[in-house]
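Just so we're clear, the structure is a prediction, and the values are computed from it rather than from any experiment.
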Amino acid sequence: MRDFPLFPDQASTFAGQVDQLYFFLVALSLIFAGVLPFVILYLIVRYHRSQKVDRSNSADSNLKLELTWTIIPLVLVMLVFFWGAFLYVQIRTPPAHTLDVYVIGKQWMWHVQHPNGKRENNELHVPIGQPVKLIMTSQDVIHSFYIPAFRVKQDVLPGRYTIMWFEATKPGEYHLFCAEYCGTEHSLMIGRVVAQCHWPITSAGWQLLGR
């Protein structure tokens with residue numbers, strides 16, 4: 001099972017937060033889709049017409065019950081909304097000082113250029129503990145830059161620039177995919193992201209960052 005884990009590694013500052021929200025949504029789904037049907041089934045059997053149940057003083061409405069099934073779902077929905085919105089803003093707002101890396105997607109490869117002039121194809125080397133901002137565009141069709149272990153994904157569009165940022169927390173090699181069907185060899189548009197503790201960047205590169 002090492003080659004087929006249930007979930008990718010948590011290798012960025014976003015990974016844990018994204019997984020927490022995901023597990024919360026799964027738990028809510030299990031409650032509403034897994035528990036409520038059995039409650040409904042029990043009520044159907046319990047109050048079936050063939051059963052001897054006293055309905056002489058049946059209530060037309062129950063304010064407490066109506067408020068309960070209105071307020072509780074409202075609170076849960078608003079919790080998910082604000083939780084997701086806060087996380088979305090955090091993921092979409094890079095910090096002031098980042099390592100800017102330029103990415104070009106084309107059929108069917110990723111071309112990367114670092115601020116010190118180093119270039120890579122289908123590979124991206126990044127430092128640990130340093131925010132990295134990817135400035136991306138496409139030469140042909142729509143691609144999608146996806147790093148599962150970092151829990152980040154961003155469409156790469158022709159004729160415009162899109163931005164994605166992350167901060168790696170664990171050294172290692174991680175999968176890089178194109179998550180948007182982009183042609184006959186879409187499945188071959190893969191690569192790797194290498195997160196490393198020692199970052200051999202030149203002084204010229206730091207000058208580009210304003211350090």
Does a side-chain heavy-atom distance below 4.5 Å link [X] with [Y]?
X      : Y      : result
Phe177 : Pro148 : yes
Ile128 : Pro171 : yes
Leu76  : Leu28  : yes
Thr162 : Leu157 : yes
Phe145 : Met164 : yes
Asn122 : Val112 : no
His111 : Arg119 : yes

(message) Tell me if the CZ atom of Phe23 is crowded by more than 12 foreign heavy atoms within 6.0 Å.
(response)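 More than 12 within 6.0 Å, yes.
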(message) Would you say that more than 12 heavy atoms from the other residues, nucleotides or ligands in this model lie under 6.0 Å from the OH of Tyr102, or not?
(response) no
With a 3.5 Å distance limit and no angle check, can you tell me whether [X] reaches the backbone of [Y] through a side-chain donor-acceptor pair?
X      : Y      : value
Asp9   : Ala11  : no
Trp165 : Pro95  : no
Gln130 : Val126 : no
Gln17  : Leu87  : no
Ser12  : Glu167 : no
Gln154 : Ser144 : no

Indicate the atoms forming the closest heavy-atom contact of [X] with [Y], along with that distance.
X      : Y      : answer
Gly105 : Val156 : N-CG1, 4.4 Å
Thr169 : Gln10  : OG1-O, 4.2 Å
Val141 : Gln107 : CG2-NE2, 3.9 Å

(request) Establish whether Tyr146 and Leu134 are linked, either directly or via other cluster members, by ILVMFWY side-chain heavy-atom contacts under 4.5 Å. (result)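 Looking at the clustering, Leu134 is in a separate group from Tyr146.
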(request) Kindly work out whether a path of hydrophobic side-chain contacts (I/L/V/M/F/W/Y, heavy atoms less than 4.5 Å apart) joins Val152 to Val101. (result) yes
(message) Parallel, tilted or perpendicular, judged at 30° and 60°: which one describes the rings of His143 and Trp110?
(response)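 Answer is perpendicular, since the angle exceeds 60°.
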(request) Could you list the residues that satisfy salt bridge (Lys or Arg N to Asp or Glu O under 4.0 Å) with Arg92, not counting sequence neighbours? (result)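 Salt bridge (Lys or Arg N to Asp or Glu O under 4.0 Å) list for Arg92, sorted by chain: empty.
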(message) Going by the rule salt bridge (Lys or Arg N to Asp or Glu O under 4.0 Å), which residues pair with Asp155 if we only count those two or more places apart in sequence or in a different chain?
(response)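 Residues passing salt bridge (Lys or Arg N to Asp or Glu O under 4.0 Å) with Asp155: none at all.
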(request) Give me the one residue out of Arg192, Gln196, His125 that meets side-chain hydrogen bond (donor to acceptor under 3.5 Å, both in side chains) with Glu173. (result) Arg192
(request) For a side chain to side chain contact (heavy atoms under 4.5 Å, CB included) with Trp108, tell me which candidate from Asp140, Thr184, Leu188, Ile190 qualifies. (result) Thr184
(request) Begin with the C-alpha distance, continue with both residues' side-chain angles, and end with the deciding distance and a verdict on ring pair (Phe, Tyr, Trp, His ring centres under 6.0 Å) for Phe14 and Phe150. (result) CA-CA 7 Å; Phe14 299 138; Phe150 293 174; 9.5 Å; no
